[in-house]
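Everything below concerns the one structure shown next.
Only heavy atoms go into these numbers, but all of them, side chains included; no hydrogens, no water, no symmetry mates. Throughout, residue positions are numbered sequentially from 1 according to the sequence presented.
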Amino acid sequence: MNYEEALNYIHGTYRFGSKLGLENIKDLLRRLGNPHERFGVVHVAGTNGKGSVTSMLTHVLHEAGYRVGMFISPYLERFTERIQVDLKEIEPDELARITERVKEKVEEMVSEGKNHPTEFEIVTAIGFVYFAEREVDCAVVEVGLGGRLDATNVVNPIVSVITSISYDHMDVLGDTLEKIAAEKAGIIKQGRPVVTYPQQPEAMAVIQKVAHQHNAPLFEVNKDRIEVLVSEVGRQIFNYSFDGERFSGVVIRLTGRHQILNAATALTAVAALRKQGIAIPDDAVYRGMERAFWPGRLEVLRRQPYVILDGAHNESGAEALACAIKEYFEGKPVTLVIGMLKDKDADAIVKHLCPLAESVIVTRPDSPRAMDPAELAKRVQKYCQDVMVEPDIEKATTMGLSRVRQDGVLLFTGSLYLIGKIRGLLKSA
């Protein structure tokens, strides 16, 4: 099996859908020798901010001298982004080799009348096998969907982390914050510390209850202990104190006030790891936080005019993006290129972003779940008069570049599937 064959096999299992539950993944991992039991795990769940916090913690642990794995979902440009060791993506031939091994066990399961593992279960198994083979000390593992029944929830983490909880995937996770929080809190394990971002009261109450039930020490990020010193595009500096620890002059390269809260969440997780006996020197914390990078989240690719990518695909993400555009680019004319998946709450997203734009180009993300651009355009027209539809992503990108003013902002958003494709186009141009 070569790399292309491996990708075709992995993506071909999409037809088996997304079945939440742990029975299948436990069976598959057992047949593979339970690789997930051979390294420590920091498990990260949440609606928004999972990737940023995962990146920060991975960089900090790497700077502290640990061999560290990173498992993320989804990818932007290359599938190999999803599985990394020491900040290096899995090699294509390694992915192919491990995929072939996993495929053998999948076929074994099916021949015995078991359910065929889903695409995400297969990817999770590949990641865990790779981490075990590379003998990582620790892996920072991002949840795929929810938490309680997500395939990654077979791990027994050193520390669990819950980032910002808001409305997304409501058809699966529930239609209230309490229900969604209960699914995210499903990663909390007996006696294991859990760190949480500052949540809405109804979500926080659920996390507190579940942590108490599991006798899990709970570390809550306190907004009042954050002092912002500098907040500008591509550079933020702040102080943060937590439970006797003080981090002064922390520098991050991620843009947006919400990223400071994500950074405080990562720093609180560092404090929790230290309490578990994990040695993480201060200088490793500062270097890791400053070097952490998360593409496609308020990422500035060009200036004059500004060209920005942001994967906001739910209301909370769109609101944070809108706040950042108002703060950092006040008075600059905005050209917006947007495309979304049909299972997203389009109205909740466009109401925050489209009033900021003088013109909007609606396109189609590179996904079978993409929303019809004409349908999305109808929603957009409530907030902006100058709306064009261009289903082809490459043509929509060219149109955006031709329309944005020299002193303006060209913003691509609405879906990670969209901005991943556009990122590749712009980088190769």
Could you tell me whether the side chains of T13 and H116 share a donor-acceptor contact shorter than 3.5 Å?
no

For a quick check under 3.5 Å, do S73 and E142 share a side-chain donor-acceptor pair by atom type?
no

Salt-bridge test for R423 and E299: reply yes if a basic N is under 4.0 Å from a carboxylate O, no otherwise.
yes

Q236 side-chain N/O to G256 backbone N/O, donor-acceptor pair under 3.5 Å:
yes

K421 vs E394, test: salt bridge (charged side-chain N to carboxylate O under 4.0 Å, His left out). Steps then yes/no.
CA-CA 9 Å; K421 180 79 171 178; E394 191 165 355; over 6 Å; no

Looking at K179 and E202, is any side-chain nitrogen of the basic one under 4.0 Å from a carboxylate oxygen of the acidic one?
no

Using a 4.5 Å cut-off on heavy atoms from C-beta on, say whether the side chain of L29 contacts that of P35.
yes

For a side-chain contact (heavy atoms from CB on, under 4.5 Å) with I165, tell me which candidate from I207, T196, V206, N48 qualifies.
I207

Could you tell me whether the side chains of N262 and Q259 share a donor-acceptor contact shorter than 3.5 Å?
yes

Nearest-0.5 Å distance, CG of residue L309 to CG of residue L411:
8.5 Å

Provide the closest heavy-atom pair for A64 versus A279 in the form atom of the first, atom of the second, distance.
CB-O, 4.2 Å

E290 side chain vs R287 backbone, donor-acceptor pair below 3.5 Å
no

Taking only Lys NZ, Arg NE, NH1 and NH2, and the carboxylate oxygens of Asp or Glu, determine whether R67 and E135 approach each other closer than 4.0 Å.
no

Is the gap between the ring centers of F79 and H11 under 6.0 Å?
yes

More than 12 non-hydrogen atoms from neighbouring residues, nucleotides or ligands closer than 6.0 Å to CD on E112, yes or no?
yes

Should E100 and R97 count as an ion pair when the cut-off is N to O under 4.0 Å?
no

Would a distance-only check, ignoring hydrogens and angles, find a side-chain to backbone donor-acceptor pair under 3.5 Å from R148 to K184?
no

Find out whether V41 and F39 are in side-chain contact, i.e. whether some heavy atom of one side chain is under 4.5 Å from a heavy atom of the other.
yes

Donor-acceptor pair, side chain of T413 and main chain of D310, under 3.5 angstrom:
yes

Short side-chain to backbone donor-acceptor contact, Q190 and H214, under 3.5 Å:
yes

S55 (side chain) donor-acceptor with S52 (main chain) under 3.5 angstrom:
no

Would you please say whether a donor-acceptor pair under 3.5 Å links the side chains of Y306 and R302?
no

Would you please classify the geometry between the H36 ring and the F128 ring as parallel, tilted or perpendicular, with 30° and 60° separating the classes?
parallel

Between the main-chain N or O of G311 and the side-chain N or O of H313, is there a donor-acceptor pair closer than 3.5 Å?
yes

Does E232, at its CD atom, have more than 12 non-hydrogen atoms belonging to other residues, nucleotides or ligands within less than 6.0 Å?
yes

For a salt bridge (charged side-chain N to carboxylate O under 4.0 Å, His left out) check, start with the C-alpha distance between E319 and K351, then their side-chain angles and the critical distance, and finish with the verdict.
CA-CA 9 Å; E319 187 175 13; K351 76 177 183 184; over 6 Å; no

Would D282 and R274 pass as an ion pair if we require N to O under 4.0 Å?
yes

How long is the span from the CZ atom in F71 to the CD1 atom in I90, to the nearest 0.5 Å?
10.5 Å

A346 to L376 - nearest heavy-atom pair and separation:
CB-CD1, 4.0 Å

Donor-acceptor side-chain pairing of S231 and Y328 below 3.5 angstrom:
yes

Do D27 and K105 meet the salt-bridge criterion of a basic N to acidic O distance under 4.0 Å?
no

Straight-line distance of L22 CG to E121 CD, nearest 0.5 Å:
8.5 Å

Between E327 and R257, is there a salt bridge with N-O shorter than 4.0 Å?
yes

Walk me through whether V334 and F329 qualify under side chain to side chain contact (heavy atoms under 4.5 Å, CB included).
CA-CA 9 Å; V334 176; F329 305 101; 5.9 Å; no

Run K103 and E107 through salt bridge (charged side-chain N to carboxylate O under 4.0 Å, His left out) and show every step you take.
CA-CA 6 Å; K103 179 174 180 281; E107 290 171 348; 2.7 Å; yes

Sidechain-backbone polar pair: N314 side chain, G317 backbone, donor-acceptor under 3.5 Å:
yes

Criterion side chain to side chain contact (heavy atoms under 4.5 Å, CB included) on I158 and L273, from CA distance to verdict
CA-CA 7 Å; I158 307 169; L273 286 165; 3.8 Å; yes

Is there side-chain contact between Y197 and I162, with heavy atoms separated by less than 4.5 Å?
no

So, S415 side chain and M340 main chain: donor-acceptor pair closer than 3.5 Å or not?
no

If the test is side-chain contact (heavy atoms from CB on, under 4.5 Å), which one of Q84, R82, H62 qualifies with M70?
Q84

Which pair of non-hydrogen atoms, one from A312 and one from L321, has the smallest distance, and what is that distance?
CB-CD2, 4.2 Å

Do you know the tightest heavy-atom contact between A125 and L28?
CB-CD2, 3.7 Å

Could you tell me which non-hydrogen atom of F242 sits nearest to which non-hydrogen atom of A271, and how far apart they are?
CD2-CB, 3.9 Å

Using distance alone, with no hydrogens and no angle criterion, decide if Y240 and T268 have a side-chain donor and acceptor under 3.5 Å apart.
yes

Taking only Lys NZ, Arg NE, NH1 and NH2, and the carboxylate oxygens of Asp or Glu, determine whether R225 and E220 approach each other closer than 4.0 Å.
no

Quick one: are V42 and V141 in side-chain contact, heavy atoms under 4.5 Å?
no

Measure across A185 and V210 and return the closest heavy-atom pair with its distance rounded to 0.1 Å.
O-CG1, 3.7 Å

For M1, run the side-chain contact (heavy atoms from CB on, under 4.5 Å) check against N8, T99, D93 and tell me which one passes.
T99

Test V44 against T163 for side chain to side chain contact (heavy atoms under 4.5 Å, CB included), laying out the working first.
CA-CA 7 Å; V44 184; T163 64; 4.0 Å; yes

Salt bridge check, K427 against E77: does any charged N sit closer than 4.0 Å to a carboxylate O?
yes

Give the intermediate values and the outcome of side chain to side chain contact (heavy atoms under 4.5 Å, CB included) for residues F412 and V307.
CA-CA 8 Å; F412 296 93; V307 177; 3.8 Å; yes

Between the side chain of N239 and the main-chain N/O of S248, is any donor-acceptor distance below 3.5 Å?
no

Close side-chain approach of M56 to W294, heavy-atom, < 4.5 Å
no

Worked check of side-chain hydrogen bond (donor to acceptor under 3.5 Å, both in side chains) between S164 and H258:
CA-CA 9 Å; S164 173; H258 59 291; over 6 Å; no

Does a side-chain N-to-carboxylate-O contact under 4.0 Å join R369 and D343?
yes

If you measure from NZ on K223 to CD1 on I260, what distance do you get to the nearest 0.5 Å?
12.5 Å

